[in-house]
Amino acid sequence: SWCMFRRFLVAAVVVLAVASSATGVLPAWAKTNKAVVTHKLIVAVKKNLAPAAQKKLAVLVLISQNGGAPGGAVATASRPRTIFLVNRGLYRVKAVIDSSCKGNCAASYRISGSANHKLEIVPSCQPKGSGFVCSRVKIVKVY
């Protein structure tokens, strides 16, 4: 019936939207038969806090291209993230300290998808209660 088809269509669109946002920086379908060239982006968090505070610090890394929906991953001081870049264009990488942060808790950086990159997130933060107070977060290109 039409109602059942409509429910199926809505469910399919929702699943597709979730799948494409989870891989935000990767195209869902190749547009040509050319070989896909993939480059790595490694995002690490600098270990510059006391060990107890370092364990609590989580950084949300958002990557987008051409104003599209961002893909995301969480990086910590003990767990860097590797993200694969398929397109050669420019990417915007944004790092945001978790929601319990106050002050200047975010930074962004632009990279090209035509090379491998390693970025390091350098937080200038102090633990306060269950969260952090940050005076600055910056992103430094390692290579």
Side-chain angles (χ1 to χ4, degrees), residues 4-143:
M4 189 147 177
F5 175 74
R6 206 170 122 198
R7 279 190 212 144
F8 173 77
L9 183 61
V10 168
V13 168
V14 167
V15 168
L16 183 60
V18 168
S20 66
S21 70
T23 60
V25 296
L26 303 176
W29 288 263
K31 294 180 182 176
T32 66
N33 291 332
K34 293 181 183 176
V36 175
V37 177
T38 304
H39 291 96
K40 284 185 196 176
L41 165 63
I42 299 170
V43 180
V45 178
K46 185 168 182 151
K47 297 179 180 182
N48 63 352
L49 300 175
Q54 204 167 271
K55 283 183 183 180
K56 294 190 331 181
L57 184 73
V59 180
L60 176 61
V61 180
L62 299 168
I63 300 130
S64 61
Q65 187 176 39
N66 299 327
V74 174
T76 63
S78 62
R79 181 173 280 180
R81 289 294 174 198
T82 300
I83 299 149
F84 296 98
L85 308 173
V86 173
N87 296 325
R88 293 179 180 244
L90 292 176
Y91 288 86
R92 164 116 12 232
V93 179
K94 184 172 184 184
V96 182
I97 305 293
D98 66 16
S99 61
S100 57
C101 177
K102 293 186 177 160
N104 295 320
C105 303
S108 67
Y109 198 90
R110 289 184 73 95
I111 60 168
S112 167
S114 60
N116 292 328
H117 300 278
K118 181 174 183 181
L119 301 179
E120 186 173 54
I121 300 164
V122 183
S124 295
C125 303
Q126 295 297 322
K128 184 167 186 179
S130 63
F132 291 89
V133 174
C134 297
S135 59
R136 183 176 183 198
V137 174
K138 68 180 178 177
I139 299 175
V140 177
K141 185 174 180 176
V142 177
Y143 63 77

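Note that the coordinates shown come from a computational prediction; the quantities given were computed from them, not determined experimentally.
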Task: Gap between atom CG of Leu85 and atom CG of Leu90 - 0.5 Å precision - done: 11.0 Å
Open item on the list: Would you compute the distance between atom CG of Leu119 and atom CD1 of Ile111 and round it to the nearest 0.5 angstrom?
Closed with: 5.5 Å
Open item on the list: Any side-chain to backbone donor/acceptor pair from Arg88 onto Ser112? Under 3.5 Å, distance only.
Closed with: no
Task: Nearest-0.5 Å distance that lies between atom OG1 in Thr38 and atom CZ in Phe84 - done: 7.5 Å
TODO: Keeping the roles fixed (side chain from His39, backbone from Gly113), state whether a donor-acceptor pair exists under 3.5 Å.
DONE: yes
Return a table of donor-acceptor pairs under 3.5 angstrom between the side chains of residues 46-53 and protein atoms on other chains or two or more places apart.
residue, atom, partner, partner atom, Å
Asn48, ND2, Pro123, O, 2.8

Task: Heavy-atom closest contact (Val74 atom, Arg81 atom, distance) - done: O-NE, 2.5 Å
Open item on the list: Once rounded to the nearest 0.5 Å, what's the spacing between atom OH of Tyr109 and atom CG of Leu41?
Closed with: 11.0 Å
- [ ] Kindly check if the number of other-residue, nucleotide or ligand heavy atoms within 6.0 Å of NZ (Lys56) is above 12?
- [x] yes
Open item on the list: Restricting to side chain to side chain contact (heavy atoms under 4.5 Å, CB included), what partner residues turn up for Ser78, sequence neighbours left out?
Closed with: Thr76
Task: From Lys94 atom NZ to Ile121 atom CD1, the distance as rounded to the nearest 0.5 Å - done: 12.5 Å
Could you pull out all donor-acceptor pairs under 3.5 Å where a side-chain atom in residues 95-108 meets a protein atom, sequence neighbours excluded?
residue, atom, partner, partner atom, Å
Asp98, OD1, Ser100, OG, 3.1
Asn104, ND2, Ser135, O, 3.0
Ser108, OG, Arg92, NH1, 3.3

Open item on the list: Quick check: closest heavy atoms across Ile42 and Tyr143, and the distance to 0.1 Å?
Closed with: CD1-OH, 3.7 Å
